[in-house]
Protein chains: 2
Amino acid sequence: MSINYAKTIPAVKRPGLPQVEAPAVSGVSERLIRRLTVSTSLEAADIEAIVRLPMIVKDLPAQAAIAREGEKPAQCCLLIDGFACRSKTTDVGKRQILSIHIPGDVPDLQSLHLHTMDHDLTTLSASRVGFIAHDSLRAITRERQLVAEALWRETLIDAAVFREWIVNVGRRPATSRMAHFLAEIGKRIEAVGLAHADEYDLPMTQIDMADALGLSPVHVNRVIQELRRSGVLELRKHAVSIRDLPQLMQLADFDDLYLHQNQAV
Amino acid sequence: MSINYAKTIPAVKRPGLPQVEAPAVSGVSERLIRRLTVSTSLEAADIEAIVRLPMIVKDLPAQAAIAREGEKPAQCCLLIDGFACRSKTTDVGKRQILSIHIPGDVPDLQSLHLHTMDHDLTTLSASRVGFIAHDSLRAITRERQLVAEALWRETLIDAAVFREWIVNVGRRPATSRMAHFLAEIGKRIEAVGLAHADEYDLPMTQIDMADALGLSPVHVNRVIQELRRSGVLELRKHAVSIRDLPQLMQLADFDDLYLHQNQAV
DNA sequence: CGTCGGGTTGAGGGTGATCAAAGTTTGTGG
DNA sequence: CCACAAACTTTGATCACCCTCAACCCGACG
């Protein structure tokens, strides 16, 4: 598991599908700015302040712990390339994955105001991450109102995704659960311009997916086969190919409202 | 269902158990201030600003919709007395309760920056709620840094509770799930000084609990009976009495870290 | 070439769902 | 204040979805 999957995805351009227009900013902050400006219109000074944020970039292997439950981190982590996930483990050793994170996410932004980690944060693939000190972040939120609100909103979207995840795990049958999961990741990957919703790489094993969906690995395998047989999707290695997106969406009972990607007003 | 359960709970004082010291503030804002000062130390000017927040107080019956999925509310709602819950319903009509809210909560605080409701917010019991316009809230967050951070933190704790809820629904067996649910509500009720963690009123039917736990009502009933038989708790009408708190906690695999009630530093 | 992690397949079992109906409260209207 | 209706709880029976266990396969990699 030493390949950085995210890096191998080209910034595909295909006609007829939504393309995200990146602001005129380069460097590692680009992903963060692109993300924040999706929902909030920042001023030039805001963007400059973000670019000036001191950041330590590191390359991590797959399955690396970025933060562990009980720790009190002094920085947040911007996922620049690669995938990560948050998880908790019960006393009987069952793991539950809480969320999947893609480039542009700040998966531990909550640690800015919640000082003790209540879950683990781990890379799924080899990843490039940028660490930003809490002090710097707190400073920017105090000086730049719009940045503060944009970051706050990011944590709120985070929570909205958790809510839908609860519904998925609590009330949908296995096949629908898997469909919803794949639809969500696709939608989010497309929103940041990484790939298309119906064709993307997902560096997770079936065991990981089981932990994300609250299922057993064996059953995940059977669900995938069923989806393959019915022509809804391919899912080999770590490549997801949705063959029948409408049917997937219907199976999934998917409504992207909860992702709050179209923040009108 | 016209009885306001919350109102019937006296501010019990029992020796040997933690008591929350309320700040010297009265009126409907008291609950909010008490809540915010649990985790953040606010300045006098902050508290004054909160007290001065224009608020429209309303009494609602049980099962009243405060906000519905798809709506774009222009205010947030402070729960002054009574219980509420947030929920989503799948296309096949299965309801999943996402969270339970008690006096002092602002269950739709996320609407301040996420303009469209992605779920429903409903009263569980007859309740008194205070509506605060988004404009007023936005103004206070721009003028009072500490208030902004305290409110942001509240939404982060909200998310932390969602995360644990995912674990509960995704990875714990039914009995453990119920135990965890009752432990959490107890802990939170105790934290705001409403009642004790082992003796409180919970205005939910077994059907509601089933929707909260991702179980069927029939199975919820059987789980409750099992917990009764084993002497862990009583649960009659809407009164929860934990008889063996340690055993409940162990059954629940409960660790209150995720509630972030002891915000050291 | 052997090991290891992950995917696949089969068999059997259990937790919890569904269906149905009978009790029991609760609430309402006469 | 009683009577009735509605909502909730309880019980029983049956069923299915999904879990567990176990074995085997496959490709990657040392």
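Every value quoted in this text rests on a predicted model; they were computed, and no experiment measured them. The basis for the numbers below is simple: all heavy atoms, side chains too, and nothing from hydrogens, waters or symmetry mates. Letters go in sequence order (proteins before strands), and every chain restarts at 1.
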Provide, to the nearest angstrom, the distance between the [atom1] atom belonging to [X] and the [atom2] atom belonging to [N].
X      : N      : atom1 : atom2 : result
B/M178 : C/dT15 : CE    : C1'   : 15 Å
A/R171 : C/dG16 : CZ    : P     : 13 Å
B/R172 : C/dG16 : CZ    : C1'   : 18 Å
B/I207 : D/dA6  : CD1   : C1'   : 12 Å
A/L202 : C/dG7  : CG    : P     : 11 Å
A/I224 : C/dT9  : CD1   : P     : 12 Å
B/R236 : C/dT24 : CZ    : C1'   : 12 Å
A/H238 : C/dG5  : NE2   : P     : 14 Å

- Item | Sole candidate of B/V129, B/D105, B/L32, B/V57 that passes side-chain contact (heavy atoms from CB on, under 4.5 Å) when paired with B/I80 |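 So, applying the side-chain contact (heavy atoms from CB on, under 4.5 Å) to B/I80 and each of B/V129, B/D105, B/L32, B/V57, only B/V57 qualifies.
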- Item | Sequence-distant partners of B/F254, ring pair (Phe, Tyr, Trp, His ring centres under 6.0 Å), two or more places apart |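 With sequence neighbours excluded, B/F254 shows a ring pair (Phe, Tyr, Trp, His ring centres under 6.0 Å) to B/H180, B/Y258, given in chain and number order.
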- Query: Below 4.0 angstrom, N of the basic side chain to O of the carboxylate: do A/R228 and A/E234 qualify?
  - Reply: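 Looking at A/R228 and A/E234, the cut-off is not met.
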- Message: Short of 4.0 Å, heavy atom to strand atom, which residues of residues 212-223 of chain A count as contacting DNA chain C?
- Response: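 DNA chain C contact set from residues 212-223 of chain A: A/V218, A/N221, A/R222.
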Counterpart residues, side-chain hydrogen bond (donor to acceptor under 3.5 Å, both in side chains), relative to [X] (two or more places apart):
X      : result
B/S241 : B/E199
B/D253 : B/R172
A/R171 : B/D211

Ignoring backbone atoms, establish whether [X] has a side-chain N or O less than 4.0 Å from OP1 or OP2 of [N].
X      : N      : result
A/K237 : D/dA28 : yes
B/Q206 : D/dT10 : yes
B/Q225 : D/dT11 : yes

- Task: Please list, chain by chain and in numerical order, all residues satisfying side chain to side chain contact (heavy atoms under 4.5 Å, CB included) with B/A212, sequence neighbours excluded.
- Result: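 Per chain and number, B/A212 pairs via side chain to side chain contact (heavy atoms under 4.5 Å, CB included) with B/I97, B/W165, B/F181, B/M204.
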- Query: Under 4.0 angstrom, heavy atoms only, what part of the nucleic acid is B/R228 near: base, sugar-phosphate, or nothing?
  - Reply: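 If one applies the 4.0 Å heavy-atom cut-off, B/R228 turns out to touch the sugar-phosphate alone, with no base involved.
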- Nearest to the side chain of A/K94, which nucleotide is it out of D/dT10, D/dT20, C/dT9?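 Within the option list, the nearest is D/dT20.
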